[in-house]
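Take a look at the structure set out below.
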Amino acid sequence: MLALPAAEPDRVMPKIATWNVNSLKVRLPQVLDWLAREQPDVLALQETKLQDADFPAADIEAAGYHVAYAGQKTYNGVAVLSREPGSARVTDLPGLDDPQRRVLGLSVGALRVLDLYVPNGQEVGSEKYAYKLGWLATLADYVAAQLAEHPQLVVLGDFNIAPDDRDVHDPEAWRDKILCSEAERAALRRLLDLGLSDTFRLFEQEPKSFSWWDYRGMGFRRNLGLRIDLILASAPLAARCRTCRVDKAPRKLERPSDHAPVVAEFAD
DNA sequence: ATGGTGGCGCGGCCA
């Protein structure tokens, strides 16, 4: 029997996805179905809402994925599933002493993955809004350092920021509201200006493409959404990006997450 | 300004 050739060390994973599942306990069957159908090389999850002792690692491993996670009870929680094993796991932003589990950095092959659940901010001017902006400022310093260290960096997750008016179903209604305020958008632009591309905007997209729809008021059926789930890629990685799309199918299921997965594919 | 829905967990917080 011939041995399979070893994976080339500089090969970048071709299919990378992000999905805010709003409770992995509830959504695990949907996640397992989606993995089987889409077979991503990396899937970053947010809002797992599970402490690590309760994380369903065995089910995910049985589906053929390695998994790293950083969770807490009830709120937040992030995980990265990968075909290849991950290493060099990081769960905190340097300089931010924060019990909230919102960050998971992981190396998968030559790729560096940074999975984020950016704070929501609740309302412009609130304490949580100040926390969000401070968190994003700390993140920018960390991303700058990560870019210097890892040429092939993907920063993905629920950013809780709609980058511009194209990403908002009703820009006038949302003007200066949470997820759309100028300060939040400026914080996101600062990240992009470090050398990241919003892969979704590398390609022509249908107008009114969103990744999140409020559960209330039949938001999904009326397409009253925002695009707040992003896959940002460093320049060498963005140069190889071939597609980025929102997969609305899981949002149509019974008992869905309020977010849909976003998927980017890369040439080898 | 509030409430609409959903998850967690069993009252109220968070999104």
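Given the structure is predicted, the values throughout are model-derived calculations rather than measurements. Side chains are part of it too, since the values below use all heavy atoms of this structure and drop only hydrogens, waters and symmetry mates. Quick note on labels: first sequence line is chain A, next is B, and so on, each numbered from 1.
The CD atom of A:Gln72 sits 12 Å away from the P atom of B:dC14 (whole-angstrom rounding). In this structure, A:Trp212 atom CH2 and B:dG7 atom P are separated by 15 Å, rounded to whole Å. Put simply, NE2 on A:His259 is 8 Å from C1' on B:dA15, counting in whole angstrom units. Atom P of nucleotide B:dC14 and atom CD1 of A:Ile178 are separated by 14 Å, given to the nearest angstrom. Rounded to whole angstrom, the span from the CD atom of A:Gln100 across to the C1' atom of B:dC14 amounts to 10 Å. Between A:Asp54 atom CG and B:dG7 atom P the separation is 18 Å, expressed in whole Å. In this structure, A:Gln30 atom CD and B:dG6 atom P are separated by 13 Å, rounded to whole Å. One interatomic measurement links the two molecules: CZ of A:Phe159 to C1' of B:dA15, which rounds to 18 Å at whole-angstrom precision.
Between A:Lys49 and A:Asp54 no salt bridge is recorded (no basic side-chain N to carboxylate O distance below 4.0 Å). Between A:Glu38 and A:Arg245, at least one side-chain N (NZ, or NE/NH1/NH2) sits under 4.0 Å from a carboxylate O, which counts as a salt bridge.
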**Study point:** A:Arg190 and A:Asp141: CA distance, side-chain angles, deciding distance, salt bridge (charged side-chain N to carboxylate O under 4.0 Å, His left out) verdict
**Key:** CA-CA 10 Å; A:Arg190 186 174 161 205; A:Asp141 291 341; 3.5 Å; yes
Point to revise | Steps toward salt bridge (charged side-chain N to carboxylate O under 4.0 Å, His left out) verdict (A:Arg189, A:Asp164) | key: CA-CA 10 Å; A:Arg189 279 197 300 274; A:Asp164 66 56; over 6 Å; no
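Using a distance-only test at 3.5 Å, with no hydrogens or angles considered, no donor-acceptor pair links the side chain of A:Ser211 to the main chain of A:Ala260. At distances below 3.5 Å, not a single donor-acceptor pair connects side-chain atoms of A:Arg227 with backbone N or O atoms of A:Ala162.
Rounded to the nearest Å, the gap between the P atom of B:dG6 and that of B:dT2 is 22 Å. If you take atom P in B:dC14 and the same atom in B:dG9, they sit 14 Å apart, rounded to whole Å. Only the C1' atoms considered, B:dG4 is 13 Å distant from B:dA15, to the nearest whole Å. Across the P atoms, B:dC13 and B:dG3 are found 14 Å apart, a figure rounded to whole Å.
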Review point. Going 5' to 3' along nucleotides 8-13 of chain B, which nucleotides have protein heavy atoms under 4.0 Å from the base (write B), which only from the sugar-phosphate (write S), and which from neither (write -)?
Key: SS---B
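The one candidate from A:Asn76, A:Thr18, A:Asn20 that meets the side-chain hydrogen bond (donor to acceptor under 3.5 Å, both in side chains) condition with A:Gln46 is A:Thr18.
Within residues 214-228 of chain A, the residues having any heavy atom closer than 4.0 Å to DNA chain B are, in order of number, A:Tyr215, A:Arg216.
Residue pairs satisfying the ring pair (Phe, Tyr, Trp, His ring centres under 6.0 Å) criterion with at least one member in residues 45-65 of chain A, sequence neighbours excluded, are listed as follows: A:Phe55-A:Tyr69.
By the neighbour-count criterion of 12 heavy atoms within 6.0 Å, atom CD of A:Gln51 is densely surrounded, having more than that number from other residues, nucleotides or ligands.
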